[in-house]
Amino acid sequence: MAEQVVPCLLKMREITKFFPGVKALDRVDIDLRKGEILAIIGENGAGKSTLVKILAGVHQPDGGRVILSGEEIHIDSVQTAMQNGISFVHQELNLSDNLDVAANVFLGREPRESRFLRLIDRKRIYEDTERILNRINMQVNPRTLVRDLTIGSQQMVEIAKALSIEAQILIMDEPTSSLSRGETERLFRVIKELRSQGVSVIYISHRLGEVKEVADRVTVLRDGSVSGHLDKKEINHERMVKLMVGRDIEKFYHKEHEVLGKSLFEVRNFRVPEHPNYPIDFTLHAGEILVIAGLVGSGRTELAHALFGIGKPPGGEILLNGKPIKIEVPQDAIREGIILVPEDRKLHGLIVEMPVETNITLPGLQHYQKLKMIQFDQAREVANDMVKSLDIRLRSIDQIVESLSGGNQQKVVLAKWLSLNPKVLLLDEPTRGIDVVAKEEIYRLMERLAAEGVAILVISSEMQEVLGIADRILVMHEGRLSGELRPDQFSEEAVVNLATGGR
């Protein structure tokens, strides 16, 4: 019996896009079949987001054609895309948290009771929303305020919103970046159920393990062009990486430095404001990469914030080089050489509307002053040195940070703090949302800093990363340290066991 041919729903042909000084897309071709999950992957800056934003009507192409169900269409706006059944679920959730679920699902498209009175038909909104929520197996009352939902449930509301326009193509850009493991698995079940209902999904992710799990096919972009396609049976980590970077990565993690024995940073009987009943004790050595693992909500970020002077700890002490220090505000930590690179680089780590030079030099302006006058030449020289040292890819240090790829934005965050020569580096999810090559560069940078004697504390939720970069692993569970693992004890099972409250 002949194999059934699945019809091609969408064809994008020779899509080309220019931005000032950059050719973002160079004659890109993709096909999307009906009821298929197509993953589009590539390094930051490869053109993934630009391509799907053209399909969603956010950007206009400088060349090429879009063919939907056999007919060429011109998508000149987001509204036109939606009218053609194309819906975009962005990485940053676009919801009004003061409204209920139903109001968000139909926001701006509310059905009316009649053409004359123009009153919103609330009964129909709640009924239609409930029907859509049932379609994705989401057990929540449509009258629930969005602010009362978890991030994972808010993501589902975004999907319901997309389905409310009868979407035949659903674009998802890094949908799991803020989700827990359980929420991610739930999302995958929903995506696969939508596929079985005939919805086609374009899935963008840096997490190659997720791509392998969920995708039917993979299209890989490199430097704005298609570098290859992979069918289901061909999808594996090595092939995806090779198509992304044009070479094999022989060794992803590099353990070349030797941990120096000196105790540099010590925490004794330390209590975090959110978990005041659980004292925390640990030591961080010069030249050591200590990773804190744990589930979302285990208290890792709260610990890092408290160590950096964000919030007032109810008790405990911090020792630096064996001497007690007092950290009440972040300025105290910075003065002692303790630096925090936050989890959300755009919200807490950068001023994205300002140039690279400004972002790098802002924390250390006092170092570039003479007679209370800022020496701008000196500051510019420091910024250029940091760009070169961290291999930040940009046109000039006057470039606006927002225009950089995610990996290069993360390097700018690191550059602004490394320019102050820190002794202790607290890194909260330092590789979240960046591609496989940028991750490798961040790992090499950590190794270099550790070799120079910097003490590094890393919070990470990626198991491969936890096991790959750590000299030692601490695991947190519900606000307390549940255990410590030495290299000969490293395993995924051991970490998960401690993270879930085991011994």
Side-chain angles (χ1 to χ4, degrees), residues 17-25 42-50 52-53 58-59 90-94 173-174 177-178 204 206 223-224 308 310 330 334 339-368 374 376-422 425-446 449:
K17 179 65 180 176
F18 294 93
F19 291 113
V22 177
K23 193 173 189 178
L25 295 173
E43 296 182 57
N44 285 106
K48 309 181 299 295
S49 292
T50 301
V52 294
K53 284 179 179 177
V58 178
H59 294 323
H90 294 266
Q91 182 177 358
E92 290 83 18
L93 299 179
N94 187 25
D173 188 2
E174 298 286 352
S177 61
S178 300
I204 296 176
H206 288 115
D223 298 329
F308 190 60
I310 300 173
I334 294 168
I339 298 302
L340 170 67
V341 175
E343 177 181 9
D344 190 329
R345 59 177 172 267
K346 289 185 178 179
L347 188 62
H348 299 126
L350 295 166
I351 306 173
V352 294
E353 302 87 359
M354 298 187 76
V356 170
E357 178 189 2
T358 304
N359 274 274
I360 291 176
T361 57
L362 196 57
L365 282 180
Q366 69 273 19
H367 300 301
Y368 316 126
I374 297 174
F376 288 103
D377 288 346
Q378 183 186 355
R380 194 170 182 84
E381 184 179 349
V382 169
N384 274 313
D385 287 346
M386 294 309 302
V387 166
K388 184 176 180 181
S389 175
L390 271 65
D391 191 24
I392 303 173
R393 285 107 193 239
L394 39 68
R395 294 189 297 275
S396 81
I397 59 173
D398 298 315
Q399 188 172 343
I400 301 301
V401 166
E402 196 170 26
S403 67
L404 300 179
S405 69
N408 284 305
Q409 288 182 14
Q410 186 71 338
K411 288 183 184 179
V412 173
V413 181
L414 289 163
K416 79 173 189 177
W417 294 122
L418 295 181
S419 67
L420 303 180
N421 297 313
L425 199 54
L426 311 175
L427 303 175
D428 192 356
E429 302 287 2
T431 64
R432 172 164 288 173
I434 63 176
D435 65 70
V436 65
V437 175
K439 284 184 179 183
E440 185 186 27
E441 292 174 342
I442 298 293
Y443 298 149
R444 286 183 180 275
L445 175 62
M446 287 186 209
L449 293 170

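The structure presented is a predicted model; accordingly, all values stated were derived computationally and were not measured.
Considering only heavy atoms from C-beta on, L427 stays 4.5 Å or farther from I442 through its side chain. Residues I392 and I397 have side chains not in contact (no heavy-atom distance under 4.5 Å, counting atoms from C-beta outward). Using a 4.5 Å heavy-atom cutoff, the side chains of L418 and L445 are in contact.
By the salt bridge (Lys or Arg N to Asp or Glu O under 4.0 Å) test, D391 is found to be paired with R393, residues two or more places apart in sequence or in another chain being considered. Remark: T50 engages K17, F19, A24, L25, I54, H59 in a side-chain contact (heavy atoms from CB on, under 4.5 Å) (not counting sequence neighbours). Shown here are the side-chain contact (heavy atoms from CB on, under 4.5 Å) partners of V352, two or more places apart in sequence or in another chain: K346, L350, V401, E402. Considering only residues two or more places apart in sequence or on other chains, K411 meets the side-chain hydrogen bond (donor to acceptor under 3.5 Å, both in side chains) condition with E441. When the side-chain hydrogen bond (donor to acceptor under 3.5 Å, both in side chains) test is applied to Q399, the partners found at least two apart in sequence or on another chain are S403. Among residues two or more places apart in sequence or in another chain, the salt bridge (Lys or Arg N to Asp or Glu O under 4.0 Å) test is passed with D398 by R380.
Summarising the geometry of V341 relative to W417, their closest heavy-atom pair is CG2-CD1, 3.9 Å, with the distance given to 0.1 Å. Across all their heavy atoms, M446 and P430 have their closest contact at CE-CG, 3.7 Å.
Side-chain atoms of Q409 come within 3.5 Å of backbone N or O of L404 as a donor-acceptor pair. A donor-acceptor pair under 3.5 Å links the side-chain atoms of T361 to the main chain of E357, judged by distance alone. In terms of modelled atom types and a separation under 3.5 Å, the side chain of N359 and the main chain of I351 share a donor-acceptor contact.
Here the straight-line distance linking atom CD1 of I334 with atom CD1 of I339 works out to 5.0 Å at 0.5 Å rounding. Rounded to the nearest 0.5 angstrom, D173 CG and S49 OG are separated by 4.0 Å. Here CD of E429 is found 10.5 Å from CD of Q410. Values are rounded to the nearest 0.5 Å. With rounding to the nearest 0.5 Å, the separation of CG in L414 from CE in M386 is 8.5 Å. Note that CD1 of I400 and CD of E353 are 8.5 Å apart. Values are rounded to the nearest 0.5 Å.
Heavy-atom neighbours of N384 CG from other residues, nucleotides or ligands within 6.0 Å: above the threshold of 12.
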